[in-house]
Protein chains: 2
Amino acid sequence: MFSKSCKYAIRAVLFLAANASEAQKMGVREIADALDVPKHFLAKILQDLSRHNLVSSVKGPSGGFFLSDKNMRATLRSVVECIDGPEIFTGCILGLPVCSSENPCPMHKQAVVYRAGLLDLIEHQPIVEVARKVKEQGLKL
Amino acid sequence: MFSKSCKYAIRAVLFLAANASEAQKMGVREIADALDVPKHFLAKILQDLSRHNLVSSVKGPSGGFFLSDKNMRATLRSVVECIDGPEIFTGCILGLPVCSSENPCPMHKQAVVYRAGLLDLIEHQPIVEVARKVKEQGLKL
DNA sequence: ATAAAAAAAGATTTTGTTGTCTTTTATTCT
DNA sequence: AGAATAAAAGACAACAAAATCTTTTTTTAT
């Protein structure tokens, strides 16, 4: 489904959304410990997200990562596309180089429906909304 | 989504279902050429499927692979589970070690729905039905 | 200046994919 | 029946990609 990097990315972003702020930045170590993921791998992922303006960061002492208001309004879809690339939503489910409604693979029609559902999950709710649910319901990350 | 092996497996099984029979067995070379996939990688996958009784094979001259009637009545789900393992349907979409309705991750509820849809695609139609559509509509593999 | 933190680059390990070669089995032809 | 042959099965090596770890550099608050 999602790559490991992408799963870590989603969890990290939601964790930041729920627990950090510009006034309360979080270091990689803290996030990695909380999510129980390899610290340096996570650092690389956060740098990727930072370069794409999906998370904000400040260097130096009392620096760290957090989500700006703009970051908060992005959707999980942008996070997924940033890490796993957009083909995850568009490529043929059987890996055929060409596969379209005119020239479909045997699973094309169903795959379209299924993907619409997946996109729906991660596209319409901005990160801030998901984070709110995480906090309210004390969901795990 | 599916691993490369799994995509190859699905395509190979459907190809066999549509083009081979006990009387008309197909060699790995033929299948690999038709699907444009690496021959030896495909051979390994077919051996896997054969060990799990999802495809049938006969050695020796005029031997090859085909689908028995029983193989034909299996579903694509068994193929996918054979190659990618059952966790692809059951594991947490965010990769959390424990994630259930009692202790859900932020995407759990939606993931359940989405997966039900995916399973539906590949579970209910037996291979023979999918193959019939492939033949009728001249779908690509 | 010093220390803390992210950023960057790169080395290493692990996993997945592809290719080569050998062995085993079954068929077909004498 | 026995030899030749065709095909799957299996062992193993090479390569590629993904994941993880290490080291160095840059920035910035104190």
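Proteins come first, then strands; the chains are lettered A, B, ... in the order of their sequence lines, and each starts at number 1.
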Take B:Ser100 and B:Asn103, measure what side-chain hydrogen bond (donor to acceptor under 3.5 Å, both in side chains) needs, and give me the verdict at the end.
-> CA-CA 5 Å; B:Ser100 60; B:Asn103 217 358; 5.9 Å; no

Could you give the distance from CG (A:Leu16) to CG (A:Leu49), rounded to the nearest 0.5 Å?
-> 9.5 Å

Angle by which the axis turns from one end of the helix from C:dA1-D:dT30 to C:dT30-D:dA1 to the other, five pairs per end, to 10 degrees | 0°

Student check: side-chain heavy atoms of A:Gln125 and A:Leu76 closer than 4.5 Å | no

What about B:Leu54 and B:Phe66, same hydrophobic cluster or not, with Ile/Leu/Val/Met/Phe/Trp/Tyr joined at side-chain heavy-atom distances under 4.5 Å?
-> no

In this structure, are over 12 heavy atoms from other groups packed under 6.0 Å from A:Gln137 atom CD?
-> yes

Would you kindly give the CG-to-C1' distance between B:Leu46 and D:dG10, to the nearest whole Å?
-> 14 Å

Between P of D:dA7 and CD of B:Gln47, the distance in whole Å = 15 Å

At a cut-off of 3.5 Å, list every protein nitrogen or oxygen paired with a nitrogen or oxygen from nucleotides 18-24 of chain D, distance to 0.1 Å.
residue : atom : partner : partner atom : Å
D:dA19  : OP1  : A:Lys4  : N            : 3.1
D:dA19  : OP2  : A:Ser5  : OG           : 2.9
D:dT20  : O4   : A:Lys44 : NZ           : 3.0

Atom-pair distance (CZ on A:Phe66; C1' on C:dA6), nearest Å | 13 Å

Just how far is it from atom CG of A:Leu42 to atom CG of A:Asp36, taken to the nearest 0.5 Å?
-> 11.5 Å

Whole angstrom is fine here: how far is it from CD1 in A:Ile45 over to P in C:dA6?
-> 15 Å

Could you tell me how the ring of B:Tyr114 sits relative to the ring of A:Tyr114: parallel (under 30°), tilted (30 to 60°) or perpendicular (over 60°)?
-> parallel

With B:Asn71 as reference, evaluate B:Ser56, B:Ser78, B:Ser50 under the side-chain hydrogen bond (donor to acceptor under 3.5 Å, both in side chains) test and give the passing residue.
-> B:Ser56

Salt bridge check: are B:Glu136 and B:Lys133 linked by an N-O gap of less than 4.0 Å?
-> no

Residue set satisfying side chain to side chain donor-acceptor pair (under 3.5 Å) with B:Asp120, at least two apart, ordered chain then number -> B:His124

Atom NZ of A:Lys39 and atom CD of A:Glu30: how far apart are they, to the nearest 0.5 Å?
-> 12.0 Å

Under 3.5 Å, which N/O atoms of the protein pair with N/O atoms of nucleotides 24-30 of chain C?
residue : atom : partner : partner atom : Å
C:dT25  : O4'  : B:Lys59 : NZ           : 3.3

Sorted by number, residues from residues 78-99 of chain B placing a heavy atom under 4.0 Å from DNA chain D are none

Between the NZ atom in A:Lys135 and the CG atom in A:Leu14, the distance rounded to the nearest 0.5 Å is 11.5 Å

Same apolar cluster: B:Phe15 and B:Val128, side chain cutoff 4.5 Å = yes

Spatial distance of atom CD (A:Gln47) from atom CD1 (A:Ile45) [nearest 0.5 Å] = 10.0 Å

Note: contacts of residues 15-36 of chain A with DNA chain C (heavy atom, under 4.0 Å) are A:Met26, A:Gly27, A:Val28

Examine D:dA9: is either OP1 or OP2 under 4.0 Å from a nitrogen or oxygen in the side chain of B:Ser57? Give yes or no.
-> yes

Determine the minimum heavy-atom distance between B:Val134 and B:Leu141, stating which atoms define it.
-> CG1-CD1, 4.2 Å

